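Notes follow once the structure below has been shown.
Every chain is numbered from 1, with letters handed out A, B, ... down the list of sequences. Just so it is clear, the values below take in all heavy atoms, side chains as well, and ignore hydrogens, waters and symmetry mates. In this text, all values refer to a predicted model and were calculated from it rather than measured experimentally.
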Amino acid sequence: MPFEFYEALGLEPKLALDVEDLRRRFYQRSRESHPDLAGSEAEDRMALLNDAFRTLRDPVLRAQYFLQQNGIELSKDVPPELLEEVFELNMALEEIRGGDESALPQLEGARNRFAGMQKEIDLELEAIGARVDSGDKTALEQVRSALNRRKYISNLLRDVDKELNVHLSN
Amino acid sequence: MAYSNKVLDHYNNPRNVGSLDKSDPNVGTGMVGAPECGDVMKLQVKVNPETGVIEDAKFKTFGCGSAIASSSLATEWLRGKTVDEALEIKNTDIVNELSLPPVKIHCSVLAEDAIKAAIGDYKKKAASKNQSVGVNA
């Protein structure tokens with residue numbers, strides 16, 4: 001069933017959600033369908049509620065799920081400038097892994113820039129989400145574009161942080 | 001999941017790693033990426049403008065073994081082909097040659113995209129060059 005995570009928590013499919021309200025609904029419904037209270041057929045229900053809560057409480061996972069339920073998958077579409085930056089940063093990472101620490105300042109600078117970009121994308125997602133919720137279906141494509149970029153950046157930040165941790169702890 | 005011997009060979013001894021001068025009018029550059037896995041692939045071709053034959057091809061890929069092997073193989077295949085022949089290379093050719101498993105097919109798609117982007121960039125450069133000297137392409 002499409003949007004079953006929303007349905008499980010008694011919500012209309014919207015990109016913007018009140019997380020406190022979500023939490024209350026989750027606890028309420030969890031009590032009602034706890035396996036000890038409602039028998040073994042409630043286990044499936046509990047699993048669904050867990051998945052629904054975990055997905056919907058996170059704005060990025062929620063947006064990804066929302067797109068998916070609209071039949072839209074993430075794509076390879078990212079702006080060429082971002083690809084260039086990702087490439088350059090990977091070059092710096094490779095040099096540092098090879099023992100050349102002269103690229104460390106570049107890496108730290110890039111880390112901060114990418115972290116900033118990620119925050120901007122999160123704000124952008126919120127703004128586009130509001131448009132989607134008010135019925136603007138064309139904004140869905142922009143949600144996808146924002147998520148594509150965000151995915152790239154978060155993968156990269158993970159790699160960069162791993163490398164910076166190694167070098168800062170030395 | 002184990003990598004095939006051919007993938008391992010390209011991964012351990014990648015062919016044609018490096019870069020060509022991006023500003024050279026005879027060099028086409030393709031930069032593609034896969035947000036899901038964070039891979040990024042740069043592939044470049046140097047074309048003889050008289051014959052349309054690809055004389056050199058270089059790549060640099062940050063990604064998994066299959067992505068590196070796919071782009072390494074692509075540069076091997078590109079050398080000596082005309083730009084039009086190069087556009088005939090399909091990701092399925094790469095899949096077959098490297099025996100890529102289904103979960104790694106997207107790596108071969110990335111390599112095909114990189115080829116198309118590099119050739120596209122070269123053609124764009126060639127067209128604007130012809131225009132600027134007043135020759136009809």
Is there a continuous path of hydrophobic side-chain contacts, each under 4.5 Å between heavy atoms, that joins [X] to [Y]?
X	Y	result
B/Val53	B/Val83	no
A/Ile72	A/Phe5	yes
B/Met31	B/Leu20	no
B/Ile54	B/Ile115	yes
B/Leu87	B/Leu110	no

I'd like to know which of A/Asn90, A/Leu83, A/Val86 tops the heavy-atom pair count under 4.5 Å against chain B.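 If we count pairs closer than 4.5 Å to chain B, A/Asn90 comes out on top.
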Are side-chain heavy atoms of B/Val40 and A/Tyr152 found at a separation under 4.5 Å?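 Side-chain contact under 4.5 Å: yes.
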Nearest-0.5 Å distance, CZ of residue B/Phe62 to CD of residue A/Glu94: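 These two atoms lie 4.5 Å from each other.
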Separation of A/Phe87 CZ from B/Met41 CE (nearest 0.5 Å):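 Interatomic distance, B/Met41 CE to A/Phe87 CZ, rounded to 0.5 Å: 11.0 Å.
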Is the number of heavy atoms from other residues, nucleotides or ligands under 6.0 Å of A/Glu7 CD greater than 12?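 For A/Glu7, atom CD is not crowded (no more than 12 foreign heavy atoms under 6.0 Å).
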Is it true that A/Glu84 and B/Lys42 make a salt bridge, defined as a side-chain N closer than 4.0 Å to a carboxylate O?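 So A/Glu84 does not pair with B/Lys42 through a salt bridge.
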Between A/Ser154 and chain B, with a heavy-atom cut-off of 4.5 Å, which part of the residue counts as in contact: side chain, backbone, both or neither?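 When you check distances to chain B, no heavy atom of A/Ser154 falls under 4.5 Å.
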Proximity breakdown for A/Leu74 and chain B, heavy-atom pairs closer than 4.5 Å: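 Contact with chain B involves the side chain of A/Leu74 alone.
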Is B/Asp39 close to chain A through its backbone or its side chain, or both, or neither, when contacts mean heavy atoms under 4.5 Å?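 Just the backbone, heavy atoms under 4.5 Å.
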